[in-house]
There are 2 protein chains.
Amino acid sequence: MNTRFAVATHVLSLLAHLRPEAVDSEHIAGSVGTNPVVIRRLLPLLSKAGLIRVQMGAGGGAHLARLPEEITLLDIYQAISDDFGRFGIHDTPNPACPVGRKVAKVLSAEMRGAEQALAEQLRGRTLADLAVEFQTAD
Amino acid sequence: MNTRFAVATHVLSLLAHLRPEAVDSEHIAGSVGTNPVVIRRLLPLLSKAGLIRVQMGAGGGAHLARLPEEITLLDIYQAISDDFGRFGIHDTPNPACPVGRKVAKVLSAEMRGAEQALAEQLRGRTLADLAVEFQTAD
DNA sequence: ACGATATGTAACTAGATTAGTTACAGATTG
DNA sequence: CAATCTGTAACTAATCTAGTTACATATCGT
């Protein structure tokens, strides 16, 4: 299973919690429960998306580049998704069949619609919304 | 990549196209461009979901159990999704961390919301809608 | 300048998942 | 009873993910 979205959201929630302090990959990994290298492979993706800033060297680490209310779950989803889409389409349909000839075009349109609905939901939730959830009683 | 949703939708669109004729797995596989066994592994899932009826033996095959306008893409999506979820959650967060302690609960709620938005979009599209797309000019 | 510290990244391993394939038992038809 | 078709087991190859070790590079503080 792909846990990158969960780990990325965990990391950013942690950075929001400790803001504006810079946190190193070992500390983050301790909270996530994984290896620091797994975190260090994730940080460049979040950095390129403009969600965090990372500093190398002694005293370095990662911190949020924006306010928690300005980072949506869609930002995170897009940052860790290479291109887009978790729906795959089979690649060798039969062009001699009326269905096979157009299935790629028809299905990709449907999948775009589905991804769009997913994206709109994620766009409506921010790290600040999640922070409230983290603070409620168990 | 997971192409089961695409293949399942292809199969059902083909059965809608050839309705009410029963189609065997070899014929279906010829349209999809795969091995008949791949299709035969899919048919029981669609059958259990009540989308098709399958008959063994000579002259057998699969045919739609409902009208195309009564089969939604959500029906298909749920039929082929073992339990649920395109999102995975990492399994060993640190319970000593305020974020790690609640991350599974908070994230699963967000993921449910995202899946729900996806489901609502898929619920609004039927095999009959797709049939129109298959019939438009190239 | 230098030593300590932290990221970025390559390389490798193990495990899970997917699709494809062969083979065959069981069901159904005529 | 012979032909046909599904259901399913077993195996392979390819791909993906996470975890791990190792190290080059960058940065800070003294």
Side-chain angles (χ1 to χ4, degrees), chain A residues 1-8 10-11 15 18 21-49 51-63 65 80-83 85-94, chain B residues 1-8 10-11 15 18 21-49 51-63 65 79-94:
Chain A
M1 184 79 43
N2 189 346
T3 62
R4 270 190 307 175
F5 178 70
V7 172
H10 183 145
V11 169
L15 296 186
L18 300 177
E21 188 182 343
V23 189
D24 64 46
S25 65
E26 190 169 342
H27 188 154
I28 298 173
S31 172
V32 173
T34 186
N35 191 292
V37 175
V38 173
I39 302 301
R40 292 207 294 270
R41 276 198 291 245
L42 193 55
L43 297 184
L45 300 177
L46 302 177
S47 179
K48 280 168 195 155
L51 307 183
I52 63 175
R53 269 195 269 275
V54 184
Q55 202 164 34
M56 299 177 90
H63 62 97
I80 58 139
S81 304
D82 20 19
D83 51 349
R86 304 189 53 98
F87 293 110
I89 300 185
H90 50 299
D91 52 350
T92 54
N94 188 343
Chain B
M1 186 80 42
N2 190 348
T3 63
R4 270 191 305 176
F5 178 69
V7 172
H10 183 147
V11 170
L15 296 186
L18 301 176
E21 189 182 344
V23 189
D24 65 46
S25 65
E26 191 170 341
H27 188 154
I28 298 173
S31 171
V32 173
T34 185
N35 191 291
V37 175
V38 173
I39 302 301
R40 293 207 294 271
R41 276 198 289 244
L42 193 55
L43 296 183
L45 300 177
L46 302 177
S47 179
K48 280 168 195 155
L51 307 184
I52 64 175
R53 269 194 270 275
V54 184
Q55 201 163 34
M56 298 177 91
H63 62 96
I80 58 137
S81 304
D82 21 17
D83 51 350
F84 215 60
R86 317 149 28 91
F87 295 108
I89 300 184
H90 51 298
D91 52 351
T92 54
N94 188 342

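In plain terms, the two heavy atoms of B:Ala6 and A:Ile89 that are nearest each other are CB-CA, 3.8 Å. Closest heavy-atom contact between B:Leu45 and B:Arg4: CD1-NH1, 4.3 Å. Counting all heavy atoms, side chain and backbone alike, A:Glu21 lies closest to A:His63 at O-CB, 3.8 Å. The two residues B:Ala49 and B:Ala79 come nearest to each other via the heavy atoms CB-CB, 3.5 Å. Summarising the geometry of B:Asn35 relative to B:Ala29, their closest heavy-atom pair is C-CB, 3.8 Å, with the distance given to 0.1 Å. Residues B:His10 and B:Ser31 share a closest heavy-atom pair of NE2-OG, 2.8 Å.
In this structure, A:Phe5 places its CZ atom 18 Å from C1' of D:dT17, rounding to the nearest Å. As a whole-Å value, the separation of B:Phe87 CZ from D:dT17 C1' is 17 Å. Distance, A:Ile80 CD1 to D:dA18 P: 9 Å, rounded to whole Å. A straight line from CD of A:Glu26 to P of D:dT20 spans 13 Å, rounded to a whole angstrom. Residue B:Ile52 contributes atom CD1, which lies 14 Å from atom C1' of D:dC5 at whole-angstrom precision. Nucleotide C:dG20 holds its C1' atom 12 Å from the CG atom of A:Asp91, rounded to whole Å. One atom, CG of A:Asp24, and another, C1' of D:dT27, lie 14 Å apart when rounded to the nearest Å. One interatomic measurement links the two molecules: CZ of A:Arg4 to C1' of D:dT17, which rounds to 9 Å at whole-angstrom precision.
For the segment residues 38-49 of chain B, the set of residues with a heavy atom within less than 4.0 Å of an atom of DNA chain C comprises B:Val38, B:Arg40, B:Arg41, in numerical order. Less than 4.0 Å separates DNA chain D from at least one heavy atom of each of the following residues of residues 55-63 of chain B: B:Gln55, B:Met56, B:Gly57, B:Ala58, B:Gly59, B:Gly60, B:Gly61.
When each of B:Ile28 and A:Val7 is assigned the nucleotide of DNA chain D with its nearest heavy atom, B:Ile28 is the one assigned upstream, toward the 5' end.
For D:dA18, one of the phosphate oxygens OP1 or OP2 lies less than 4.0 angstrom from a side-chain nitrogen or oxygen of A:Thr3. When the side-chain nitrogen and oxygen atoms of A:Thr34 are compared with OP1 and OP2 of D:dA18, none of them lie within a distance under 4.0 Å.
Rounding to the nearest 0.5 Å places CG of A:Leu42 at 7.5 Å from CD1 of A:Ile52.
Counting only distance, with no hydrogens or angles, the side chain of B:Thr92 and the backbone of A:Gly33 share a donor-acceptor pair below 3.5 Å.
Here B:Val37 lies in heavy-atom contact (under 4.0 Å) with a base.
The overall bend of the helix from C:dA1-D:dT30 to C:dG30-D:dC1, read as the angle between its terminal helix axes built from five base pairs each, is 30° when rounded to 10 degrees.
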